[in-house]
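I'd like to ask you about the structure that follows.
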Protein chains: 2
Amino acid sequence: MYAQASAKIELPSYVQSPAPVSEGPTTPVTFFSSGAEIYAQGEKAGALYQVEFGAVRIYRLLADGRRQISAFHMAGETFGFEADATHHFFAEAINATGVRVFRTPSGTDMSRQLLPLALKGLTRAQEHLLVLGRQNAIERVAAFLVEMSERQGGLRQVELPMSRNDIGDYLGLTIETVSRVFTRLKEKGVIRLLNLRSIEILKRDTLLAMGE
Amino acid sequence: MYAQASAKIELPSYVQSPAPVSEGPTTPVTFFSSGAEIYAQGEKAGALYQVEFGAVRIYRLLADGRRQISAFHMAGETFGFEADATHHFFAEAINATGVRVFRTPSGTDMSRQLLPLALKGLTRAQEHLLVLGRQNAIERVAAFLVEMSERQGGLRQVELPMSRNDIGDYLGLTIETVSRVFTRLKEKGVIRLLNLRSIEILKRDTLLAMGE
DNA sequence: CGCAGTTTTGACGAAGTTCAAGCACAGTGG
DNA sequence: CCACTGTGCTTGAACTTCGTCAAAACTGCG
């Protein structure tokens with residue numbers, strides 16, 4: 001069930017109780033409203049962030065404003081680790097979002113916990129490179145919908161917490177192209193739009209084949 | 001100086017003595033000839049590979065043969081670590097290449113050594129996402145040349161160990177487009193081709209501005 | 001109910017791909 | 001030593017896909 005209106009904060013059905021990154025006294029949850037910056041490129045890094053509910057976009061900008069979203073993070077996922085002491089990307093809340101911030105005491109060795117997360121992120125980024133480098137618009141959107149579906153437990157109904165603009169900037173497409181592809185997929189009977197932010201997958205196999 | 005013909009194996013000028021990943025008795029160097037497979041997607045992972053000389057391409061394929069190279073690895077660099085027990089990519093020698101293979105004894109915790117490598121790789125992959133998602137052909141090639149130059153110590157002369165085909169598959173372009181962009185950069189006096197595999201950067205600032 | 005922002009749709013143009021041909025260079029053998 | 005051949009690179013012309021610009025339609029919210 002999709003949480004409707006009982007609370008001020010949107011709680012999509014795919015929210016799970018994530019395993020905390022570290023033990024000990026529970027870190028309080030920090031709230032970010034839609035569009036709020038969590039950290040900026042160039043800022044000093046050091047903390048770890050775990051999404052409690054909501055969604056986060058990680059992105060970079062070119063001087064003229066072009067934006068590339070390199071990842072979305074949903075409930076349960078951890079982000080914010082960097083190769084050096086500086087953030088190389090921006091992190092923003094897409095919607096009202098709750099995040100647990102873990103300030104790791106300097107001198108603590110977190111590599112055992114961090115390595116699997118970093119490797120998971122690396123694999124995802126490399127797979128996304130294939131999408132951006134070698135797939136066309138339909139294939140990209142299909143791959144995206146499959147990815148979102150799988151990250152939400154493989155359900156027919158998929159919630160898209162982000163705007164068409166975000167999807168475009170994630171897939172290296174314009175919002176118009178994203179919109180046109182959605183229309184084409186609807187016409188082909190592959191998906192159905194329940195509302196702007198949630199779709200239903202009608203032909204999973206076709207979608208999978210398109211996204212490779 | 002570029003090693004000419006004294007040995008059978010090409011030893012580009014930018015070969016450095018890499019720091020070994022692990023201590024102890026020196027692991028022997030395994031040789032791969034041009035195009036030889038180091039590992040394949042789907043194979044069991046577990047070893048670490050450090051390039052001694054030569055160059056390696058990491059890539060993925062789509063069912064119809066489209067290829068995306070996600071990374072090149074040059075002398076001194078380590079690759080081969082994965083998020084799970086399986087390789088998700090192919091690794092091939094671009095030229096005659098020497099690789100030290102470290103079979104990590106099961107039960108050994110390498111996370112302290114691996115984490116910085118994984119994070120470095122993650123940052124590079126994410127930066128490459130920006131190139132593939134949001135930059136046009138000239139910007140991609142410019143960014144590539146700058147990257148190669150910096151990885152070789154920022155010299156004016158840059159050796160390209162890979163073919164135009166490899167460059168295309170790394171930048172998400174066809175070989176024809178890569179070639180045309182090289183021609184344009186020559187016409188603008190930004191670069192000069194010494195031979196097919198080595199270029200000289202004449203206007204570094206212009207190239208940097210183009211690649212952002 | 002009406003407004004603002006987002007999404008969709010349409011017409012057009014530019015960038016890059018495809019297909020095809022020609023060129024350059026290294027290696028081979030006469 | 002030079003022609004021959006193969007491979008990789010460059011160039012050209014036609015075509016396709018996606019981006020741009022503009023306008024209309026829709027959604028959600030006050």
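Atoms considered below: every heavy atom in the structure, side chains included; atoms not considered: hydrogens, waters and symmetry mates.
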Problem set entry | Separation of dA25(D) C1' from Asn195(A) CG (nearest whole Å) |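 In whole Å, dA25(D) C1' lies 17 Å from Asn195(A) CG.
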
For this session: Ignoring backbone atoms, establish whether Thr177(A) has a side-chain N or O less than 4.0 Å from OP1 or OP2 of dT17(D).
Result: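 No.
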
For this session: Check whether the side chains of Glu52(B) and Gln50(B) place a donor and an acceptor atom closer than 3.5 Å, and report yes or no.
Result: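 Side chains of Glu52(B) and Gln50(B): no pair found under 3.5 Å.
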
Problem set entry | Length of the CG-P vector between Asp169(B) and dC9(D), whole Å | 12 Å

Exercise. In whole Å, what is the span from the CD atom of Glu187(A) to the P atom of dT8(C)?
Worked result: 12 Å

Exercise. DNA chain C: Arg134(A) or Thr183(A), which has the more 5' nearest nucleotide?
Worked result: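 That would be Thr183(A).
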
Problem set entry | Arg180(B), nearest nucleotide to its side chain (from dT20(D), dA13(D), dT7(C)) | dA13(D)

Exercise. Looking across every strand, which nucleic acid part, if any, lies under 4.0 Å from Leu173(A) by heavy atom: base, sugar-phosphate, or nothing?
Worked result: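 Contact class for Leu173(A): sugar-phosphate only.
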
Exercise. Under 4.0 Å: is that the gap between some side-chain N or O of Arg164(B) and OP1 or OP2 of dT10(D)?
Worked result: yes

Exercise. Would you say Gln41(B) and Arg60(B) make side-chain contact, with heavy atoms under 4.5 Å?
Worked result: yes

Exercise. Starting at NZ of Lys186(B) and ending at C1' of dT11(D), how long is that distance when rounded to a whole Å?
Worked result: 11 Å

For this session: Describe the nucleic acid contact of Gly172(A) in one word from base, sugar-phosphate, nothing, applying a heavy-atom distance below 4.0 Å.
Result: sugar-phosphate

For this session: Write down the distance between CG (Asp166(B)) and C1' (dT7(D)), rounded to a whole number of angstrom.
Result: 14 Å

For this session: Grab the CG-C1' distance between Leu160(B) and dG8(D) for me, whole Å please.
Result: 14 Å

Exercise. Short question: side chain of Gln68(B), backbone of Tyr170(B) - any donor-acceptor pair under 3.5 Å?
Worked result: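 Between the backbone of Tyr170(B) and the side chain of Gln68(B) there is a qualifying donor-acceptor contact (under 3.5 Å).
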
Exercise. Which part of the nucleic acid, if any, lies within contact of Leu193(A), taking any heavy atom under 4.0 Å across all strands shown: a base, the sugar-phosphate backbone alone, or nothing?
Worked result: sugar-phosphate

